[in-house]
Amino acid sequence: MFVVGGNGYVGSALVGLAPDDAVVVSRAGTEPGAVAWSDLPRALAETTAPVIVWLLDGAKHDEPARLAELIKAVPPGAHVAYVSTCTVYGDQPGEPCTEDAPLELLAPHARVKAAGEQALAAAQISTTVLRLGALYGPDPRGDRRDRVEQWLTEASDHGTVTVPDPAHWRGWLHRDQAARALLAAARMRVAGVFNVSSADATFADAAGPAADWFAARVVGSDAPDPLNYRIDSSRAREAGILSVLPDEDLPACTTAFAKAHWPHANNG
């Protein structure tokens, strides 16, 4: 299993779940056991029915160009687990969006990811598309402050928690849930498009526990938020791709992080 983006926030969690199966693909390939991007075509050609997990984060990593290179290098029998995003649904605040809902590509990241989905489909490569919800969950490496840590820190320092729009909905997903979903998709090699989100909540409800810990307020950002959607992940649950463990929900994660770092705060 070749993991493109295996050093990142979700990728590192995936590699931790399958250290004997995962091969990190990085720019230089200098990490122990890693493969350099330039050597990936050869490594794929030498592997029978390889699986590639694609975790590059949109335009920041020149994803369209890199994905085009991968498509040229994918040998027969390969399978790709492609990380996409629920932001492709845009502004649809009514019923939860299934995978068949029309796309509203209102954000640049959504447009990059939708183009990636289309490119893999056009190339007729066996692919699991995982449209991930808004991610949260502590990074044990300390490399990235997730939403929970950001919200609690702002509440502690300023008495506010700033979100895009308190009334707008998102589907939410714990980092570890995302990693398990990718591992399941890679091992099962099930083709199709799957929403992967474990809970729906408005930003007011999602950030509320962080604000409450310090008797702070949830406030909206000055910038407009074009996105507003809820997610139906029934297909991923039924396929065995999405699994949810106790204490992975946003309130539980917020409380655990707050108790660990601000035990004597308002609600400590």
Q: Decide, yes or no, whether a salt bridge links D232 with R237 under the criterion of side-chain N to carboxylate O below 4.0 Å.
A: no
(Q) Restricting to non-hydrogen atoms, name the atom on A155 and the atom on A211 that form the minimum distance, rounded to 0.1 Å. (A) CB-CA, 4.4 Å
Q | Nearest non-hydrogen partners of W172 and D200, listed with the distance | A | CD1-C, 4.2 Å
Q) Is there a path of hydrophobic side-chain contacts, each under 4.5 Å between heavy atoms of I, L, V, M, F, W or Y residues, that connects L182 with L135? A) yes
**Q.** Main-chain N/O of I125 paired with T127 side-chain donor or acceptor, under 3.5 Å
**A.** yes
Q: Indicate yes or no: does E117 engage R131 in a salt bridge with an N to O separation below 4.0 Å.
A: yes
Q) Do S243 and R180 meet the criterion of a side-chain donor-acceptor pair at a distance under 3.5 Å? A) yes
**Q.** Crowding at CD, Q124 (>12 non-hydrogen neighbours, <6.0 Å)
**A.** no
Q. Do R170 and D165 sit within salt-bridge range, that is, some charged N less than 4.0 Å from a carboxylate O?
A. no
Q: Indicate the atoms forming the closest heavy-atom contact of A216 with T160, along with that distance.
A: CB-N, 3.9 Å
Q.
Is it the case that the side chains of Y9 and D57 hold a donor-acceptor pair, with the cut-off being a distance below 3.5 Å and no angle test?
A. no
Q.
Tell me whether R187 is salt-bridged to D21, with the criterion being a basic N under 4.0 Å from an acidic carboxylate O.
A. yes
Q. Between L183 and M1, which heavy-atom pair has the shortest distance, and what is it?
A. CD1-CE, 3.9 Å
Q.
Within the 4.5 Å heavy-atom criterion, are Y229 and W169 side-chain neighbours or not?
A. no
Q: Would you confirm whether Q150, through its side chain, and R145, through its main-chain N or O, come within 3.5 Å as a donor-acceptor pair?
A: yes
Q: Compute whether any side-chain donor of one residue and acceptor of the other, for E31 and N7, lie under 3.5 angstrom apart.
A: yes
Q) Among D91, D225, T202, whose side-chain hydrogen bond (donor to acceptor under 3.5 Å, both in side chains) with H168 holds? A) D225
(Q) For a 4.5 angstrom cut-off between non-hydrogen side-chain atoms, does V4 reach L70? (A) no
(Q) Would the distance check show the side chain of D249 and the main-chain N or O of A252 forming a donor-acceptor pair, the cut-off being under 3.5 Å? (A) yes
Q. Does R27 make a cation-pi contact with W37, if we ask for NZ or CZ under 6.0 Å from the ring centre and within 45° of the axis?
A. no
Q) What are the two closest non-hydrogen atoms of S233 and N195, and how far apart are they? A) OG-O, 3.3 Å
Q. Can a salt bridge be assigned to the pair E248 and R175 using a cut-off of 4.0 Å between side-chain N and carboxylate O?
A. no
(Q) Taking the six-membered ring of Y136 as reference, does the cationic atom of R147 (NZ for Lys, CZ for Arg) lie under 6.0 Å from its centre and within 45° of its axis? (A) no
(Q) Looking at R66, is its backbone amide N or carbonyl O close enough to the side chain of E69 to form a donor-acceptor pair, meaning the two atoms are under 3.5 Å apart? (A) no
Q: Return yes if a side-chain donor-acceptor contact under 3.5 Å exists between T128 and H79, otherwise no.
A: yes
Q. Looking at N228 and A167, what are the two nearest heavy atoms and their distance?
A. OD1-O, 4.4 Å
